[in-house]
Amino acid sequence: MAAPTSTLAEVLVPWFRAQARDLPWRRPGTTAWGVLVSEIMLQQTPVARVEEPWRAWLERWPRPSAMAAAPAADVLRAWGKLGYPRRALRLHAAAQAIAAEHGDIVPADVETLEALPGIGTYTARAVAAFAHGRRVPVVDTNVRRVVARAVHGRAEAGAAATRDLADVDALLPVDETDAATMSAALMELGATVCIARGPRCADCPVLDRCAWQRLGRPAWDGPVRRAQTWAGTDRQVRGRLLDVLRGAPGPVAAEALDAAWRTDAAQRSRCLDSLLVDGLVEQLADGRFALPGEAGDVG
DNA sequence: GAATCGTGGGA
DNA sequence: TTCCCAAGATT
């Protein structure tokens with residue numbers, strides 16, 4: 001087998017340009033704000049579930065300042081059942097910061113982006129690269145898996161490490177636009193071909209230079225992360241409670257929340273408290289509960 | 001570094 | 001049915 005002489009990017013960039021899924025936030029004319037919203041929505045949430053809410057979101061709040069002016073309750077209802085509703089609250093806060101401190105312009109600088117609520121290592125670089133064309137490594141779970149296999153010959157990526165950024169930076173072309181496309185291509189490959197379980201190696205454009213393939217696709221010998229439990233967890237209870245409030249037209253009595261989880265009153269109470277602490281719920285003077293800002297009580 | 005934080009679809 | 005997991009951030 002002759003060693004390939006082209007770089008990974010020289011294969012993946014054209015592959016991406018030919019094969020990339022037509023996702024709404026990738027279309028020409030998408031604003032940096034649209035990219036930012038998509039990245040927040042896509043955190044731990046499948047693409048298929050994000051497409052419609054994203055469209056509706058951008059139509060309703062086409063600029064950060066528009067969303068910034070909305071009550072948090074509206075934001076949480078628009079977020080709907082995307083999951084992890086604290087993301088919605090943080091996006092709200094980020095929009096307010098962008099409107100107030102950055103002239104309603106989504107920053108292009110990684111450090112400035114990382115200073116915004118809910119924007120961490122990945123999202124800051126994704127916005128810098130995909131919305132502003134900056135040449136920065138964008139490392140998500142897909143990219144780490146692709147690099148683990150193609151470069152390091154390991155079946156899984158294992159825990160995230162600081163080193164990941166440098167690994168990916170080394171794969172990026174010098175050209176800014178190509179670099180951003182390369183990052184998108186690595187993510188796309190990980191999302192559609194080099195997937196977690198049952199990778200479709202027969203469809204892989206870089207199969208002939210994949211270290212994992214070359215080694216005979218050895219099994220993962222690192223630590224196995226324990227399966228996430230769900231039934232009966234605080235997360236489930238919090239979800240139920242918030243679902244009641246989202247579905248109600250306004251504030252609700254405590255009894256309405258009691259009905260959402262009768263299995264364990266102490267757990268229900270603890271979860272309601274945590275929602276209050278998180279700012280996802282607030283209690284009115286009359287004792288009822290509501291989504292934040294719903295009763296017109298600003299700040 | 002590990003735990004926590006929603007939701008729903010596919011194998 | 002049960003289990004896995006999907007473009008992370010925060011503490």
Side-chain angles (χ1 to χ4, degrees), chain A residues 16 20-21 23-26 34-54 76 79-91 93-94 113-131 137-147 156-162 164-165 168 180 183-192 194-200 220 222-246 260-261 270-271 273-275 277-281:
Chain A
F16 179 82
R21 291 167 294 174
L23 304 177
W25 44 87
R26 285 178 177 167
V35 172
L36 172 55
V37 172
S38 78
E39 294 300 341
I40 301 291
M41 287 184 169
L42 286 163
Q43 290 170 2
Q44 301 289 284
T45 305
V47 164
R49 211 182 312 164
V50 166
E51 298 192 68
E52 261 320 298
W54 181 85
L76 288 171
W79 193 258
K81 308 200 79 168
L82 276 176
Y84 292 144
R86 293 188 297 190
R87 289 183 294 167
L89 234 41
R90 290 173 182 148
L91 178 58
L113 285 162
E114 280 185 326
L116 295 169
I119 299 186
T121 305
Y122 162 76
T123 304
R125 285 165 179 77
V127 171
F130 303 147
V138 182
V139 182
D140 74 333
T141 184
N142 290 307
V143 175
R144 292 197 311 109
R145 184 172 55 250
V146 168
V147 171
E156 294 183 26
T162 308
D164 297 340
L165 283 176
V168 174
S183 288
L186 288 167
M187 291 175 64
E188 187 76 357
L189 188 67
T192 63
C194 195
I195 53 184
R197 271 186 306 173
R200 300 157 49 186
W220 172 245
V224 177
R225 58 166 175 260
R226 53 173 251 208
Q228 53 181 323
T229 56
W230 173 247
T233 60
D234 285 3
R235 286 156 83 179
Q236 183 182 24
V237 177
R238 284 166 55 104
R240 290 277 188 86
L241 294 171
L242 211 51
D243 197 43
V244 170
L245 291 165
R246 271 196 309 262
W261 190 260
R270 178 176 73 240
C271 288
D273 282 345
S274 74
L275 288 169
V277 169
D278 286 348
L280 286 163
V281 176

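Computed from a predicted model, the values in this text were never measured in an experiment. All chains are named by letter (A, B, ...) in the order of the sequence lines, taking the proteins before the strands, and each is independently numbered beginning at 1.
- Residue T123(A) has a polar side-chain atom (N or O) positioned under 4.0 Å from OP1 or OP2 of dA9(C).
- Between R26(A) and E188(A) a salt bridge is recorded (basic side-chain N to carboxylate O distance below 4.0 Å).
- Across all strands, W79(A) comes closer than 4.0 Å to no nucleic acid atom at all (heavy-atom distances).
- Across all strands shown, T141(A) has heavy atoms under 4.0 Å from sugar-phosphate atoms exclusively, and none from any base.
- A196(A) comes within 4.0 angstrom of sugar-phosphate atoms only, judged by non-hydrogen atoms across all strands, and of no base.
- Rounded to a whole Å, the CD atom of Q236(A) is 11 Å from the P atom of dG8(B).
- Here the P atom of nucleotide dT10(C) and the CD1 atom of I40(A) are 9 Å apart, to the nearest Å.
- Between K81(A) and dG6(B) there is no side-chain polar atom (N or O) within less than 4.0 angstrom of OP1 or OP2.
- If you check every strand for non-hydrogen atoms under 4.0 Å, L82(A) touches a base.
- Between the C1' atom of dC4(C) and the CZ atom of R145(A) lies a distance of 13 Å, rounded to the nearest Å.
- Rounded to whole angstrom, the span from the CD atom of E52(A) across to the C1' atom of dG8(B) amounts to 17 Å.
- The CZ atom of R90(A) sits 11.0 Å away from the OG1 atom of T123(A) when rounded to the nearest 0.5 Å.
- When heavy atoms are screened at a 4.0 angstrom cut-off, R21(A) is found touching base atoms of the nucleic acid.
- Residue contacts shown for L23(A) include a base, since a base heavy atom lies under 4.0 Å away.
- dA6(C) atom P lies 10 Å from atom CD of E156(A), rounded to whole Å.
- Mapped onto DNA chain C by nearest heavy atom, I119(A) and P46(A) fall at different nucleotides, with P46(A) at the one closer to the 5' end.
- Atom P of dA9(C) sits at a distance of 23 Å from the matching atom of dG8(B), rounded to the whole Å.
- Looking at heavy-atom distances under 4.0 Å, G83(A) makes contact with a base.
- Atom pair L245(A):CG and dG6(B):C1' shows a separation of 15 Å (rounding to whole Å applied).
- To the nearest whole angstrom, the two C1' atoms, one in dA2(B) and one in dA7(C), are 22 Å apart.
- With contacts defined as side-chain heavy-atom distances shorter than 4.5 Å, the pair M187(A)/F130(A) qualifies.
- Which of dC5(B), dA6(C), dG8(C) sits closest to the side chain of D140(A) comes down to dG8(C).
- The nearest whole Å value for the distance from the CH2 atom in W230(A) to the C1' atom in dT1(C) is 18 Å.
- Positionally, the nearest nucleotide of DNA chain C for N142(A) lies more toward the 5' end than for the other of P117(A) and N142(A).
- OP1 or OP2 of dA6(C) has not a single side-chain nitrogen or oxygen of Q44(A) nearer than 4.0 Å.
- For a distance-only test at 3.5 Å, the side chain of T45(A) qualifies as a donor-acceptor partner of the base of dG6(B).
- Residues Q43(A) and Y84(A) are not in side-chain contact: their nearest non-hydrogen atoms beyond the backbone lie 4.5 Å or more apart.
- No engagement by A159(A) is indicated, since no non-hydrogen atom pair under 4.0 Å with the nucleic acid exists.
- Dashed line: the shortest gap from a side-chain N or O of R197(A) to OP1 or OP2 of dC5(C) is under 4.0 Å.
- Under the 4.0 Å criterion applied to side-chain N and carboxylate O atoms, D243(A) and R246(A) are assigned as salt-bridge partners.
- DNA chain B is contacted by both R238(A) and A160(A); A160(A) maps to the nucleotide lying nearer its 5′ end (nearest heavy atom per residue).
- The side chain of R235(A) lies closest to dG6(B) when the candidates are dA9(C), dG6(B), dA7(C).
- Distances shown here put every side-chain N or O of R49(A) at or beyond 4.0 Å from the OP1 or OP2 atom of dG10(B).
- Counting to the nearest Å, the P atom of dC5(B) and the CG atom of D273(A) are 13 Å from each other.
- Using a 4.0 Å heavy-atom criterion, one finds that R246(A) contacts the sugar-phosphate atoms exclusively.
- Within the 4.0 angstrom heavy-atom criterion, no nucleotide atom of any strand lies near T233(A).
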I would like to know whether V168(A) and R144(A) meet side-chain contact (heavy atoms from CB on, under 4.5 Å); could you show each step before the answer?
-> CA-CA 8 Å; V168(A) 174; R144(A) 292 197 311 109; over 6 Å; no

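- Within the 4.5 Å cutoff, no side-chain heavy atoms of S274(A) are placed close to those of D234(A).
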